[in-house]
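So the structure is just underneath, and the comments pick up after that.
Labels below follow one simple rule: chain letters A, B, ... track the order of the sequence lines, proteins then strands, and each chain is numbered from 1.
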Number of protein chains: 2
Amino acid sequence: MEQNILKNAALKSTKKRQVLLLLLQKQARPMTAEELHALAEPILPMNVSTVYRTLNTLTEKKILIRSVRQDGKAYYSLAKKDHSHRLVCDLCGKVIPVDTCPLSELEETLQQKTGFRITGHSLEFTGLCPECSKKDTDEK
Amino acid sequence: MEQNILKNAALKSTKKRQVLLLLLQKQARPMTAEELHALAEPILPMNVSTVYRTLNTLTEKKILIRSVRQDGKAYYSLAKKDHSHRLVCDLCGKVIPVDTCPLSELEETLQQKTGFRITGHSLEFTGLCPECSKKDTDEK
DNA sequence: TTACATGCAAATACTTTGCATATAA
DNA sequence: TTATATGCAAAGTATTTGCATGTAA
C-alpha cells in the first residue's frame with residue numbers, strides 16, 4: 001500500500017515514510033507535524049526535521065493536503081480524490097467531514113462577476129460537537 | 001472616530017493605537033502585523049511588540065478580526081457588522097470582498113444532520129485576479 | 001497619582017536549512 | 001555505485017513576554 005504510493009511518486013520507499021503515511025491513514029484526521037512525530041516516535045524513532053521534510057515532500061507530490069488553521073499550525077491529511085470540508089470542535093478537536101460542498105456554483109458566479117480565475121477555496125466550520133455541546137450546557 | 005472606538009472599549013486613547021486603526025480603515029484590506037508596522041513607522045515610529053500587543057488587544061475587544069491564512073501569518077481587519085468572505089489573488093495578493101454568503105442555510109442543515117452546534121466558519125477563495133490572470137496567460 | 005501603554009531584549013513556537021553520513025535502488 | 005533520505009545543530013520567521021520606564025486619565 002504505502003510502498004506503492006511512494007513508488008508511484010518516484011520517492012524512495014523508506015520505513016519512516018511508510019510509518020507516517022500509515023499513521024495518517026489510521027488516524028483519519030488532519031494532524032500536525034508535532035502530533036505525527038509523537039505518534040511515530042514509539043514505533044520508529046525519527047528526527048523532527050525528517051517529519052517536516054517528509055510532510056513537505058508528500059504535499060508537493062499531492063499525496064497529502066496541508067491546511068493551516070487559525071492556531072497557525074499546519075495540519076496534514078491524505079489527499080482523497082473527492083475534496084471535502086469539515087466541522088472542527090473547538091473543545092475536543094473532533095473532526096466531522098462534510099460531504100456537501102455548495103461552493104462550485106458560487107465559484108462560477110464569482111468568476112463571472114469578478115473576472116477572478118478561482119483555483120480553490122478553503123472552508124472550515126467551527127463550533128461544538130454534540131458531546132462537548134452537552135458538557136458545555138451542563139456546566140452552566 | 002478612533003478615540004471613540006478606543007474609549008468605548010475602555011482602552012487608553014494613544015496616538016499609536018489611533019495610527020494603527022487609521023491604517024486599517026484607509027487600506028481597507030486585511031494586513032499583517034509586519035505590514036502595519038512598516039506603514040506606521042514613517043508616520044509614528046513604534047516598536048514591533050507594540051503593534052502585536054495592540055492588535056491582540058483590539059482583537060480581544062472585538063474591534064479587529066484576526067484571520068490566519070495558509071501562509072501561516074495572521075491578517076487583521078476592522079470588524080464590520082456584516083461578516084463577509086473574500087477572493088485573494090495568489091500572485092499580487094489583491095483582495096476582493098464577496099458579498100454573498102451562502103453558508104447560513106448550509107449551517108442549518110449541518111447542525112441538524114450532525115448535532116454539531118456551529119458557531120462560525122471561515123471561507124476564502126484563492127486564484128488569480130483579472131490582471132495576474134492575464135499576465136499568467138501572456139507568459140505562456 | 002496610578003493603572004495601563006510602550007520599548008527593548010530575550011524567549012518561544014513552528015518550521016527550514018546546511019552539511020555530513022546513511023541507505024534504497 | 002549513486003542519487004536520495006536522514007540526523008543533528010544552527011538558523012529563520014512570526015509572535016510573545018518580563019521588566020523597566022513612560023504617559024493618559
Side-chain angles (χ1 to χ4, degrees), chain A residues 1-23 30-41 43-61 63-76 93, chain B residues 1-23 30-61 63-77 93:
Chain A
M1 344 325 160
E2 290 75 32
Q3 294 93 316
N4 290 329
I5 297 182
L6 292 169
K7 285 200 175 174
N8 292 342
L11 295 174
K12 283 188 182 171
S13 176
T14 70
K15 193 85 182 135
K16 302 183 182 180
R17 283 174 174 171
Q18 289 170 25
V19 168
L20 290 173
L21 276 175
L22 194 65
L23 286 171
M31 288 186 288
T32 64
E34 201 185 357
E35 287 177 304
L36 281 163
H37 182 239
L39 287 174
E41 199 65 26
I43 304 172
L44 180 60
M46 66 183 75
N47 196 280
V48 196
S49 58
T50 301
V51 177
Y52 277 104
R53 266 192 284 233
T54 301
L55 294 175
N56 279 337
T57 305
L58 296 180
T59 301
E60 279 162 23
K61 296 287 187 182
I63 295 168
L64 299 183
I65 288 177
R66 182 208 323 259
S67 171
V68 177
R69 298 216 185 136
Q70 292 305 310
D71 60 7
K73 296 181 195 170
Y75 287 74
Y76 298 85
Chain B
M1 345 312 147
E2 290 76 33
Q3 293 94 317
N4 290 329
I5 298 181
L6 293 169
K7 284 201 175 173
N8 292 342
L11 295 175
K12 284 187 182 172
S13 176
T14 70
K15 192 87 184 136
K16 303 185 183 181
R17 284 173 174 171
Q18 288 169 25
V19 167
L20 291 173
L21 276 174
L22 195 64
L23 286 171
M31 288 185 287
T32 64
E34 202 185 356
E35 288 177 303
L36 280 164
H37 182 237
L39 287 175
E41 199 66 26
I43 304 172
L44 180 60
M46 66 184 75
N47 197 281
V48 197
S49 60
T50 301
V51 177
Y52 277 105
R53 267 192 283 231
T54 301
L55 294 175
N56 279 337
T57 306
L58 295 179
T59 302
E60 280 163 22
K61 295 288 186 180
I63 294 168
L64 299 182
I65 288 176
R66 181 207 324 258
S67 170
V68 178
R69 299 218 183 132
Q70 292 305 309
D71 61 7
K73 296 181 194 171
Y75 288 74
Y76 297 86
S77 53

Closest heavy-atom contact between A/L11 and A/K61?
CD2-CE, 3.9 Å
Please state how far atom CG in B/N47 lies from atom P in D/dG22, giving the value in whole angstrom units.
15 Å
So do the side chains of A/S67 and B/Q70 get within less than 4.5 Å of each other, counting heavy atoms only?
yes
In whole Å, I'd like the distance from the NZ atom of B/K61 to the C1' atom of C/dA5.
14 Å
Side chains of A/T14 and A/T54 in contact at under 4.5 Å (non-hydrogen atoms):
no
In terms of heavy-atom contacts, B/V51 and B/L20 come closest through CA-CD1, 4.2 Å
In whole angstroms, the gap separating P of D/dT6 from NE2 of A/H37 amounts to 12 Å
Answer yes or no: is there a side-chain heavy-atom contact under 4.5 Å between B/Y76 and B/N56?
yes
Whole angstrom value for the distance that separates C1' of D/dA3 from CG of A/L11:
13 Å
A/I43 side chain reached by A/L22 side chain, heavy atoms, under 4.5 Å:
no
Between NZ of B/K15 and P of D/dA25 the distance, given in whole Å, is 13 Å
Taking only side-chain nitrogens and oxygens of B/K16, does any of them come within less than 4.0 Å of OP1 or OP2 of C/dG7?
yes
Interatomic distance, B/Q70 CD vs D/dA14 C1' [rounded to whole Å]
16 Å
Considering non-hydrogen atoms only, spot the tightest contact between B/S77 and B/P30 and give its length.
CB-CA, 4.1 Å
Mind calculating the distance between NZ (A/K7) and P (D/dT4) to the nearest angstrom?
16 Å
Could you write nucleotides 11-23 of chain C as a row of B, S and -, 5' to 3', where a protein heavy atom under 4.0 Å of any base atom gives B, of only sugar-phosphate atoms gives S, and otherwise -?
---SBBBB-----
For B/R17 and D/dA25, give me the distance from atom CZ to atom C1', rounded to whole Å.
13 Å
Which residue, A/M46 or B/T14, contacts DNA chain D at a nucleotide closer to its 5' end, judged by nearest heavy atom?
A/M46
Inter-axis angle, terminal five-pair segments of the helix from C/dT1-D/dA25 to C/dA25-D/dT1 [nearest 10°]:
40°
Between side-chain atoms of residues 33-42 of chain B and protein atoms elsewhere (two or more places apart, or another chain), which donor-acceptor pairs fall under 3.5 Å?
{"unit_1": "B/E35", "atom_1": "OE1", "unit_2": "B/T32", "atom_2": "N", "d": "2.8"}
{"unit_1": "B/E35", "atom_1": "OE1", "unit_2": "B/T32", "atom_2": "OG1", "d": "3.4"}
{"unit_1": "B/E35", "atom_1": "OE2", "unit_2": "B/R29", "atom_2": "NH1", "d": "3.4"}
{"unit_1": "B/H37", "atom_1": "NE2", "unit_2": "B/E41", "atom_2": "OE1", "d": "2.9"}
{"unit_1": "B/H37", "atom_1": "NE2", "unit_2": "B/M46", "atom_2": "O", "d": "2.7"}

Ignoring hydrogens, what is the shortest heavy-atom contact between A/S13 and A/L6? Give both atom names and the distance.
CA-CD1, 3.8 Å
